[in-house]
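Below is one structure, written out as structure tokens; comments come after it.
Sequence lines set the chain letters: A, B, ... in the order given, protein chains first and strands last, and positions in each chain run from 1.
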2 protein chains.
Amino acid sequence: MTERTYTPATAASGVQAALRLLDGRWKLEILFHLFDGKVQRFSTLERLIPGISQKMLAQQLRQLEADGLIVRTVYNQVPPKVEYHLTGWGQALCPALDALLTWAERKDAPPSAPDA
Amino acid sequence: MTERTYTPATAASGVQAALRLLDGRWKLEILFHLFDGKVQRFSTLERLIPGISQKMLAQQLRQLEADGLIVRTVYNQVPPKVEYHLTGWGQALCPALDALLTWAERKDAPPSAPDA
DNA sequence: CCGTATCCGCTGGGATACTG
DNA sequence: CAGTATCCCAGCGGATACGG
């Protein structure tokens, strides 16, 4: 039962901390390719995400892993095989992103009675 | 009844479009000082937000206004007085940020049965 | 197949000074 | 009071090349 009294400053810094985990040109697209239990290999993600370079894919994956959003699984075989999937916490991000998406789509929606 | 079939790519770009509106070192803190119907003057925000410069405050406010999140009201008097408040859409962002905050705080929370 | 190393351009944001 | 104008620099991300 921790305190829930947010000042504007603490609330803002809390949200910013969350957003920092998503900061990076490719992280959201990577995450959306892993939502819903999907498991992807490095090369698969590379194909799924047009325009990404190996450097950026590796970097963003490392950061997501370090932040506890995804899990990296290495299979010691030749040729190498590495798979990525979401942690429970990473998956839990989905509804929050949904909320953001829903909000963004309401930009031009009238308050009520769309048709007459 | 628009389509709701999101591919990972479209969902990601939608969320990124939303996040772009919040991008900027100070925007979240500004927003949190305006949530819940609060109306603030330029100089008040300057006091409320430690470390912000006039340049950054003005810039972030302009962008938030251009993006339709806040409204700028100028009173033609001496000395000048300018007030800022959220649009309905801007206020509607609050629950989405709440979702993000809640998610971030669950990082170290056990799945269930916190105590024994 | 799955990365790392290096170089480099661009932009976000800080410091500072000035104005209607 | 409420801004603009200018200069400057750190860091993100793209391009390219190389390694286990």
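Summarising the geometry, the separation between CG on B:Leu61 and P on D:dG3 is reported as 7 Å, rounded to the nearest angstrom. The CG atom of B:Asp23 sits 15 Å away from the C1' atom of C:dC10 (whole-angstrom rounding). Put simply, CD on B:Gln54 is 14 Å from P on C:dG14, counting in whole angstrom units. In this entry the distance linking CD of A:Gln60 with P of D:dG14 reads 8 Å, nearest Å. A:Gln63 has its CD atom 11 Å from the C1' atom of D:dG13, to the nearest Å. Here D:dT6 presents its P atom at 12 Å from NZ of B:Lys55, a figure rounded to the nearest Å. We find that CD1 of B:Ile49 is positioned 12 Å from P of C:dG14, with the value rounded to whole Å. The interatomic distance linking A:Gln40 (CD) with C:dC2 (C1') rounds to 16 Å, in whole Å.
Among C:dG3, D:dA2, C:dC1, the nucleotide with an atom closest to any side-chain atom of B:Arg72 is D:dA2. When distances are taken from the side chain of B:Arg62 to each of D:dA2, C:dG3, D:dG3, the shortest belongs to D:dG3. The side chain of B:Ala58 approaches D:dT4 more closely than any other nucleotide in the set D:dA2, C:dG3, D:dT4. Here C:dG13 is the nucleotide among D:dG13, C:dG13, D:dC1 with the atom lying nearest to any side-chain atom of B:Met56. Side-chain atoms of A:Val82 lie closest to C:dG3 of the nucleotides D:dG3, D:dG13, C:dG3.
When the options A:Leu48, A:Ile49, A:Val82 are evaluated for a side-chain contact (heavy atoms from CB on, under 4.5 Å) with A:Gln40, the one that passes is A:Leu48.
For the OP1/OP2 pair of D:dC12 and a distance below 4.0 Å, the side-chain nitrogens and oxygens of A:Arg25 include no atom meeting the criterion. The phosphate of C:dC2 has OP1 or OP2 within less than 4.0 Å of a side-chain N or O from A:Ser43. Contact check, B:Arg41 against D:dA2: a side-chain N or O comes under 4.0 Å of OP1 or OP2.
The structure places CG of A:Leu100 at 9.5 Å from CG of A:Leu93, a figure rounded to the nearest 0.5 Å. Separating the CD atom in B:Gln60 from the CH2 atom in B:Trp26 is a distance of 9.0 Å, to the nearest 0.5 Å.
Looking only at distances, a side-chain donor or acceptor of B:Gln91 sits under 3.5 Å from a matching main-chain atom of B:Asp36. The backbone N or O of B:Gly90 sits nowhere less than 3.5 Å from a side-chain atom of A:Trp103 that would complete a donor-acceptor pair.
If B:Gly24 and A:Tyr84 are placed on DNA chain C by their nearest nucleotide, the residue sitting closer to the 5' end is A:Tyr84.
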